[in-house]
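Here the structure is laid out as structure tokens; the discussion comes afterwards.
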Amino acid sequence: MIKSQDIKKGTCIRMDGKLYFCIDFLHVKPGKGNTIMRTTLKDVVSGRVLEKRFNIGEALEDVRVERRPYQYSYADGESLHFLNQETWDDVVITKELVTGVDFMKENDIVEVVSDADSETILYAEMPVKTNLRVTHSEPGVKGDTATNATKPATLETGVEIRVPLFINEGDLVQVDTRDGSYLQRVKE
């Protein structure tokens, strides 16, 4: 059990039978009354975000989580197989529990978050930035760079993103795995 004033970003709590991660928090001292904790919590399973207020001193059930690196091996339908980098065990995780799954290729390292008490896998997430090769893109027309024009490009994982006109097939680009946005061209 932890007290509400001990909540920080990344703290995992159990509330109403669900697990929530703290995304943001703020101590609020109104002119009248007691100090409260305003928190923004994210549901581990559904990804739904909610705002919750706690009185200072309120007891909450904390959940001890472990973060470990796993290497992506292969897909088997809706199941993804990962290799634990410490024990070399094969672990199966469903696609719904992996954030950034569209940008994942073989041998990528993901961070798997699990409940330390029950060994239940809560979710897995790709690094925020990843480098992928462009497999298909229409050639850009010279002189079309006066504005921030973009064009569709297909990456090696099969996902399509918007890239600037100067990107060609075979280029290596850096992508934000949270929203699929183009970040920069990578030199090899």
Side-chain angles (χ1 to χ4, degrees), residues 7-15 17-25 39-50 61-137 152-163 167 169-188:
I7 292 179
K8 297 177 181 56
K9 287 184 182 180
T11 302
C12 187
I13 62 171
R14 187 181 317 270
M15 190 172 64
K18 296 181 181 179
L19 295 177
Y20 294 92
F21 273 103
C22 178
I23 298 172
D24 198 16
F25 68 96
T39 61
T40 305
L41 304 172
K42 181 177 181 181
D43 188 332
V44 171
V45 177
S46 69
R48 203 177 114 228
V49 176
L50 67 109
E61 183 182 352
D62 65 327
V63 179
R64 199 172 58 105
V65 294
E66 293 178 345
R67 298 174 181 270
R68 292 199 172 111
Y70 281 67
Q71 182 178 13
Y72 173 57
S73 298
Y74 63 95
D76 183 22
E78 290 297 310
S79 302
L80 304 173
H81 290 260
F82 292 88
L83 193 63
N84 185 326
Q85 295 287 286
E86 298 162 358
T87 62
W88 302 108
D89 292 336
D90 183 48
V91 176
V92 178
I93 303 174
T94 60
K95 282 185 178 180
E96 296 88 46
L97 295 179
V98 182
T99 58
V101 70
D102 295 335
F103 305 100
M104 194 167 51
K105 59 184 187 293
E106 285 185 14
N107 299 325
D108 276 352
I109 304 295
V110 299
E111 187 175 73
V112 175
V113 178
S114 59
D115 185 342
D117 298 329
S118 65
E119 294 295 320
T120 308
I121 293 175
L122 304 175
Y123 66 91
E125 61 185 0
M126 283 281 294
V128 174
K129 299 175 184 174
T130 187
N131 296 337
L132 295 168
R133 192 159 306 281
V134 176
T135 56
H136 177 72
S137 178
T154 306
L155 303 177
E156 61 186 290
T157 59
V159 69
E160 190 174 282
I161 65 168
R162 305 289 299 178
V163 297
I167 299 295
E169 283 186 22
D171 285 351
L172 197 61
V173 295
Q174 193 173 68
V175 180
D176 187 330
T177 59
R178 295 171 295 190
D179 58 4
S181 62
Y182 165 86
L183 295 175
Q184 66 181 2
R185 181 166 47 182
V186 178
K187 291 185 180 179
E188 296 180 62

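The first residue in the sequence is number 1, and the count goes up from there.
The nearest pair of heavy atoms linking C22 to L41 is CA-CD2, 3.9 Å. Between N131 and K105, the closest heavy-atom pair is O-NZ, 3.2 Å. Minimum heavy-atom separation, K9 to I23: CG-O, 3.3 Å. Residues P152 and E160 share a closest heavy-atom pair of CB-OE2, 3.6 Å. Shown here for I13 and V63, the closest heavy-atom pair between the two residues is C-CG2, 4.1 Å.
In this structure E61 satisfies the side-chain contact (heavy atoms from CB on, under 4.5 Å) test together with M1, R14, sequence neighbours excluded. Every residue meeting the ring-ring contact (aromatic ring centres under 6.0 Å, His included) condition with H81, not counting sequence neighbours, appears here in chain and number order: Y74. Residues satisfying the ring-ring contact (aromatic ring centres under 6.0 Å, His included) test with F82, not counting sequence neighbours, are Y72.
Atom OG1 of residue T157 and atom CG of residue D102 lie 7.0 Å apart, to the nearest 0.5 angstrom. Here I121 contributes atom CD1 and E66 contributes atom CD; the two are 11.5 Å apart, rounded to the nearest 0.5 Å. Taking CG of D171 as the start and OG of S137 as the end, the distance is 8.5 Å to the nearest 0.5 Å.
Inter-residue side-chain proximity for W88 and L83 is flagged as met; some heavy-atom pair is nearer than 4.5 Å.
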Practice item. Determine, stepwise, if the pair E111 / R68 fulfils salt bridge (Lys or Arg N to Asp or Glu O under 4.0 Å). Key: CA-CA 6 Å; E111 187 175 73; R68 292 199 172 111; over 6 Å; no
Review point. Going through the checks in order, is the salt bridge (Lys or Arg N to Asp or Glu O under 4.0 Å) test met by R133 and E156?
Key: CA-CA 6 Å; R133 192 159 306 281; E156 61 186 290; 5.3 Å; no
Practice item. Output, in order, the C-alpha distance, side-chain angles, deciding distance and verdict of side-chain contact (heavy atoms from CB on, under 4.5 Å) for L80 and V98. Key: CA-CA 9 Å; L80 304 173; V98 182; 3.9 Å; yes
Exercise for review: For side-chain hydrogen bond (donor to acceptor under 3.5 Å, both in side chains), just list the numbers for D108 and Q71, CA-CA rounded to whole Å, side-chain angles, deciding distance to a tenth of an Å, and then say yes or no.
Suggested key: CA-CA 6 Å; D108 276 352; Q71 182 178 13; over 6 Å; no
Exercise for review: Applying side-chain hydrogen bond (donor to acceptor under 3.5 Å, both in side chains), run through N84 and T87 and close with a yes or a no.
Suggested key: CA-CA 6 Å; N84 185 326; T87 62; 3.3 Å; yes
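Within the structure, the ring pair (Phe, Tyr, Trp, His ring centres under 6.0 Å) test picks out no pair touching residues 90-119 (sequence neighbours left out). Screening residues 104-127 for ring pair (Phe, Tyr, Trp, His ring centres under 6.0 Å), with sequence neighbours left out, gives F21-Y123.
Looking at S79, its side chain never comes within 3.5 Å of a backbone N or O of T94 through a donor-acceptor pair. The backbone N or O of T154 sits less than 3.5 Å from a side-chain atom of T135, completing a donor-acceptor pair.
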Which pairs would a plain distance check flag for residues 180-187, meaning a side-chain donor or acceptor within less than 3.5 Å of a matching protein atom at least two apart in sequence or in another chain?
from : atom 1 : to   : atom 2 : distance (Å)
S181 : OG     : D179 : OD1    : 2.9
Y182 : OH     : R185 : N      : 3.0
Q184 : NE2    : Q174 : OE1    : 3.2

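For CZ of R162, the number of neighbouring non-hydrogen atoms (other residues, nucleotides, ligands) closer than 6.0 Å is greater than 12. Atom NZ of K129 sits in a sparse spot, with 12 or fewer heavy atoms from other residues, nucleotides or ligands closer than 6.0 Å.
Of the residues listed (L97, V112, V65), the one engaging L122 in a side chain to side chain contact (heavy atoms under 4.5 Å, CB included) is V65, and it is the only one.
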